[in-house]
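Here it is: the structure, laid out below.
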Amino acid sequence: MRVLTRKLWREIFNSAGVLATVVVIIMVGTSSFICVKSAQRILETSQEAYYRDYRFADFWVNVKKAPLSAVKRVADLPGVAAVESRVVFDVILDLPHVVEPITGRLISAPTRGFDETINGISLVRGSGFSDDRNEEVILGEGFAQEHDLHPGDRINLILNRKRESFIIAGTALSPEYVYMVRGEGDFTPDAEHFGILYVKEAYARKALDFDGACNEIVGRLVPGAQADVDLLLDRIDRMLQPFGVLSTTPRSRQASHRFLSDEIRGLGITATVMPTIFLAVAALVLNILMTRLAERQRTTMGTLKALGYSNRQVITHFLGFGVVVGIVGGLTGIGLGISMSYGLISLYADFFKFPQFLFTTYADLWIVGMIISVVFSVAGTIKGTLAVLRLTPAEAMRPKPPARGGAVFLEKYPALWRSMGFRSHIALRSLLRNPTRTLSGILSTALAGSIILSTLMMYDSMWYLVDFQFEHVLRSDATIGMRDERSRLALYETQRLPGVDYAEPTLGVVCDIRNGRNARRLAVLALEENHRLTNPCQRDLSPIAIPPQGLVLASKLANILDADVGDRLELTPVRGRRRTVQVPVASIVEGFLGLDCYADLTYLSRMVGEAAAVNSVQLSVNPVRADALFRTVKTLPNAQGFSVRANTKGNIESTFIETMGISLGMMVIFAGVIAFGSMINLSLIEITDRQRDIATFRVLGYHPSQVAAIFFRQNMIVFTLGLILSFPLGYGMVVGMAQAYDTELFRMPVVVNLPVIVWTGLLAFGFVLLAQWVVYRQIAKLDWLEAVQAKE
Amino acid sequence: MADSTTTVPQAVLRIERVSRIFRMGEVEVPALVEVDMTIEAGEFIAILGPSGSGKSTLLNMIGGTDRPTSGSVWHEGHDLAVADDGELTEYRREKVGFIFQFYNLVPSLTAYENVQVATELVDDPLDPKDALEMVELSDRASHFPAQLSGGEQQRVAIARALAKRPELLLADEPTGALDLTTSRSVLGILQRLNREQNLTIILITHNAAIPAIAHRVVRIVSGRIAESRINEHVLPAEEVSW
Ligand SMILES: Nc1ncnc2c1ncn2[C@@H]1O[C@H](COP(=O)(O)OP(=O)(O)OP(=O)(O)O)[C@@H](O)[C@H]1O
Ligand SMILES: [Mg+2]
């Protein structure tokens, strides 16, 4: 086989240009697989190792105040492997260089061995707690970095109505806050405006009046008990009722864990869908290229067989093209994929904080990537080769029967046909006579276009979401969280704060909501009559007033509960006597983050069995006097949390959406490679096919650009049809993605804006123009004199 | 019209009532109709006939590159008409050397490599160098087909056919595209091979002058053998002219 091998290499070398276009498409397919799949694995193994090594909790129970003896009883429950008690408190931090008050979460930790507790803390910098003083704090690493705080620095916080100054003893990470969000309603980590502070346990108990008591229990289950965690939590809930259970959270509902797990799951989907699309296009283009190649080598194949080569030998030889293309595409794809996975992980590192990412060499992925790549490209080669081999050698050696000439169907409409001019005739004839080629051109344009469209749409939908959530629904400038529930008096106090134009009370109460077999525990947000600063909206952005009675549900929650307007739900506040009442669903609104549930303030207060109470106040702030407000809030003894809407919104825009932009940019480039690659490929095939036509035109005195114009016309027809097809296709992809990412934490709105459509067209067109340039170069380069003289 | 097939023990190939009908949609083209023919070892046969008369089709029957629609092609006790692909491949590989009208060289391989394409197939081939020597092309061994003239390309094709040491050399219009001088030299090579190595050769031509160099002339008209006659005076290739 040595000579045929030499033939193979020489021919591969000679048609390197055309083959390169296919190799690149395969490379893109393989690399996207390797990149996304490796990133997923890296995240997954890092998560597993982190959870294991630092004993990530299986459940959390938040209570108002429970004695340690009660904790002991929880530990004795069957299925529970270990429990620990903590004191957890949100406080307001006063950072001198930041005007705004910042919310901090205080978590008690043992002075020694804090890395061995449940949700163990891994020290990043500093030496940890000393025995010297009580006022020491270990800061969350992200927060410390964001504010340029270092071990040894001081930080001020308001603790139990007293302003305390702490020394930073170290910075740390925890498996509980891999994704730094306060809780479910949060969407992007915000290390700038939310920080974790670990304080010494003994100190926290004393300073916060928790001697011999705690307000949070974290626990680990014995292996195998995970399935029954809900039953167990119900049991704990009942057991601890006297101490005021605020919430019970299994690991599966813990905010950080959910975001991380959802992302890993999403990556898994992407790792399947994206490469499949890319590789399918590659196989399509390769198929056409190889069919062409086999046809061009028809005589050679016939001759080889006449000389006595067997079918197997001939097939092996021609499949060599596919194998080489597959291997080159696979190798470069794997290389590119590995380096891209590092890039992707470094993007993720901004969002998911691990002590370390476990980078490993995933040899199995490489092998799979290689196999996929080779299989797809060989599959693309087989058809053309087999088609020729089915012929007898005698027939294969005869000149190919002339390509289907004659009229194409459009010519049946003479009026239409004559109106088009000869350039269009040439273009249309060649399109209609090579239907497979034309279809695959249309299809790859459609796929590329739909990738661009869906990518832009998803980008758009994020902006829409932010706008919806932070301009239409939430309209307050800032929100102050109260330490305890307070009477309306608190509202008047707040109203008098400097810079406050208008204040509106809200009450959040954790409740169990049940509709038949479907139930959820969540915080119901109660709004005042005539509320202005929180405006639940419908999809068309029209605000919904909270009715004096009944609940307003976000559509996702309504779905989960299988509830419709008018249905009656069972509502049980998780506090006090826990009286269950029947409440009607008054209306359903849109909401893309978390599970929103609204009620009237008086209505909910009455249900909880109290006069109108308040636990947070929303503010409309005069921007000129905002600083004065911020300074005052830092000193408020009862304030527990503070958030500024502009910060939250800005954080999402600046970190999340921009990061998204990077990966979306990659997608557009990939799509471009497909559009560009397949267009060039098809054109190059077309050019070799029609060398004589081109030569004839050139002999007649046509300029290369005039000849290229005919090809351009042809490509434009393909492009236009493909683009039209890409719109429904891309829309479908977004709908599919929206479904794949539809979780309780987050839904993606599907929005269609004209600019997105225009951009898709322009981008796709840009790639086609690029391809056209290559076509022009190729035509200008063609040795047309030789082409006219060459005999067929 | 048919040969006498009674007592020819050293027959290389015997063709019995072979027909080949091409179907193209509705139309049936009978390219060969009930042809009988015997080819004996060491014979140099010229098949003469007008264009479209079925010469190439007959050669394909003989060379195992196509199968008859009916009839038998006997070779060493096997009927090629019913042989499977593997057997036909084996037959072509071991027994037959093909020379094609349009040379059919692999454009991406040099003259030497084109010969190698054949030598690598069989156990005991000629050295490609020697094969090229026989057609006096040793000095062009490293040239690609595009760098050779038509006659030179045809000589490479002959070298390729010879290099396998076939029993049977089949040449379809080997001089069809060549001028007189070049044709003479190509035909001379064939004649010499037949004489010196006792190689059985079947040569197709529509040029009435060429059969003069063969032992026997078979004339085909419309897919039937119209005449088969022995050449009393074989003309040396150098003396053919038209
Ligand atoms: N594969 C085929 N399909 C259809 N018809 C065929 C095929 N091969 C040959 N024919 C027809 O069979 C007849 C004989 O063809 P063949 O090629 O044997 O003629 P020929 O004598 O070799 O002619 P030429 O001197 O022009 O080469 C012709 O009419 C030809 O059109
Ligand atoms: Mg012929």
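Protein chains get the first letters and strands the later ones, always in sequence-line order, with residue 1 at the start of each.
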Worksheet item: Can you say whether B:Lys164 sits under 4.5 Å from chain A via the side chain, the backbone, both, or neither, judging by heavy atoms?
Response: side chain

Practice prompt. Just say parallel, tilted or perpendicular for the rings of B:Phe100 and B:Phe98, cut-offs at 30° and 60°.
Written response: parallel

Response to the item:
If one checks every heavy atom of B:Val117 against chain A at 4.5 Å, the contacting part turns out to be both

Response to the item:
If one checks every heavy atom of A:Ser310 against chain B at 4.5 Å, the contacting part turns out to be both

Discussion item. Any side-chain to backbone donor/acceptor pair from B:Asn194 onto B:Leu199? Under 3.5 Å, distance only.
Written reply: yes

Fill in: Contacts of B:Glu26 that satisfy salt bridge (charged side-chain N to carboxylate O under 4.0 Å, His left out) - sequence neighbours left out
none

Fill in: When A:Arg312, A:Glu11, A:Glu395 are compared by non-hydrogen pairs under 4.5 Å with chain B, the top option
A:Glu11

Worksheet item: Under a 4.5 Å heavy-atom cut-off, does chain A meet the side chain of B:Arg160, its backbone, both or neither?
Response: side chain

Worksheet item: Are any of the side-chain heavy atoms of B:Arg93 and A:Leu307 separated by less than 4.5 Å?
Response: no

Practice prompt. List the steps, then state whether side chain to side chain contact (heavy atoms under 4.5 Å, CB included) holds for A:His317 with A:Lys7.
Written response: CA-CA 9 Å; A:His317 170 61; A:Lys7 169 179 180 296; 2.8 Å; yes

Response to the item:
Honestly, the part of B:Asn104 sitting under 4.5 Å from a heavy atom of chain A is both

